[in-house]
Amino acid sequence: MDADLREQIAGMRDWLVEIRRTIHSHPELAFEEVETARLVSEWLERFGIEVKRGVAKTGVVGLLRGGAPGKTVAIRADMDALPMDEATGVPYASKIKGKMHACGHDAHVTILLGVARFFSSMRDKVKGNITWIFQPGEEGFGGGKLMVEAGVLEDPKVDAIFAAHVFPFLRTGQVGITEGKAMASSDKFILRIIGKGGHGAYPHVTRDPILAAGHVITQIQSVVSRNVNPLDSAVVSFGAVHGGRAYNVIPDEVELTGTVRSLNPAVREELKSRIEQITRGVVASLGLDYHYEFEYGYPVLVNDARMSKLVVSTCAEAIGKENVEILLPSMGAEDFAYYLEKCPGAMFRLGVRNEKKGLIQPHHNTLFNIDEDVLPFGVEMFVRVIDEFLGLKREG
Ligand SMILES: [Zn+2]
Ligand SMILES: [Zn+2]
């Protein structure tokens, strides 16, 4: 059966590449994925899969009811691109200025369509149901949360959910996964240091927010190093500092914004309150005021232990243990976390690195590109995971 399966999927390769390149050259940003959603819906309909469009604005959900009753498994892809210019120079590079598929979501969509094509050709042998979730706005917009709220895990109730992300730190042909807490919660803070502006030559009659901001930035470094248990993980990074316009004017205010990451809800709350305590103390010591806003973002992504093991053992059986890497958690974030709050499942990584082809750039880089061998490979891994979960026995 194994060789057969691989061969059958290899036969889709040109089709997969064409779809991926079509999507790649027409990237769409969060909640604007109109053409991508149309392409997805049209293929699903052609495969005879029930389609729901316009879920959470531009999301698409497909449902295949198998020939016999059984469990329901869902797989999810994200469809959005990033607001950046592509610099790869490949013939199928983005045709739209300022938009690029630099996170590989074009590959995620393509792989899921490959899985749809595969199972639609053998629907009678499917025991149970398969749900396809194509969501908008993963890149910081929480499209996954809206999809869950729209009820995509209900009717039929999803028993397990899987997703994959292409991963440039593993070679093509490799799978990576983290059992348990796999990705961080991601929150944003906005800190306004409020002083009193004036002439740069008369600092004694001002309350300088630039000096205070400098102290705040430095002092906040002690939160991770002094307040968080060294065996826990946390990040506080400033991403923007805005204040002042003229060389000889002390401004009224400085605004600092940053991101807070952690793998543990208690640490998350500790970071939130310590940032404010330090700011309060520092600015008070200099006679200034402050305003603090903390916006909760994606929660921690927790891979279910049983589902992670299912992915590991199923993939290892197909590609060898040596090609399945158990990875350390990442402080990156993913809105697949929202699905995993409601339903057991796992997110795994698909290697797309190929040094011979020069494909070594990280995500979100203007030169990012994937090794397209991941397309049939990804389809195969999903098909195997679904087979295993639904308890499918196909004769080869
Ligand atoms: Zn991304
Ligand atoms: Zn991504």
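Atoms within a ligand are numbered from 1 in the order they appear, just like the ligands themselves.
Checking H105 against the Zn ion (ligand 2), an N/O/S atom falls under the 2.8 Å cut-off. At a cut-off of 2.8 Å, C103 is counted among the residues with an N, O or S atom near the Zn ion (ligand 2). When distances to the Zn ion (ligand 1) are checked against a cut-off of 2.8 Å, H364 contributes an N, O or S atom below that limit.
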With a cut-off of 3.5 Å and sequence neighbours excluded, list every side-chain donor-acceptor pair involving residues 324-331.
| residue | atom | partner | partner atom | Å |
| --- | --- | --- | --- | --- |
| S330 | OG | G332 | N | 2.8 |

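Within E139, the N, O or S atom at minimum distance from the Zn ion (ligand 1) carries the name OE2.
For residues 228-282, the ring pair (Phe, Tyr, Trp, His ring centres under 6.0 Å) pairs, not counting sequence neighbours, are F189-F238.
Look at R384 and E388 and you find no salt bridge, because none of the NZ, NE, NH1 or NH2 atoms lies under 4.0 Å from a carboxylate O. A salt bridge links R353 to E355: one of the charged nitrogens lies within less than 4.0 Å of a carboxylate oxygen.
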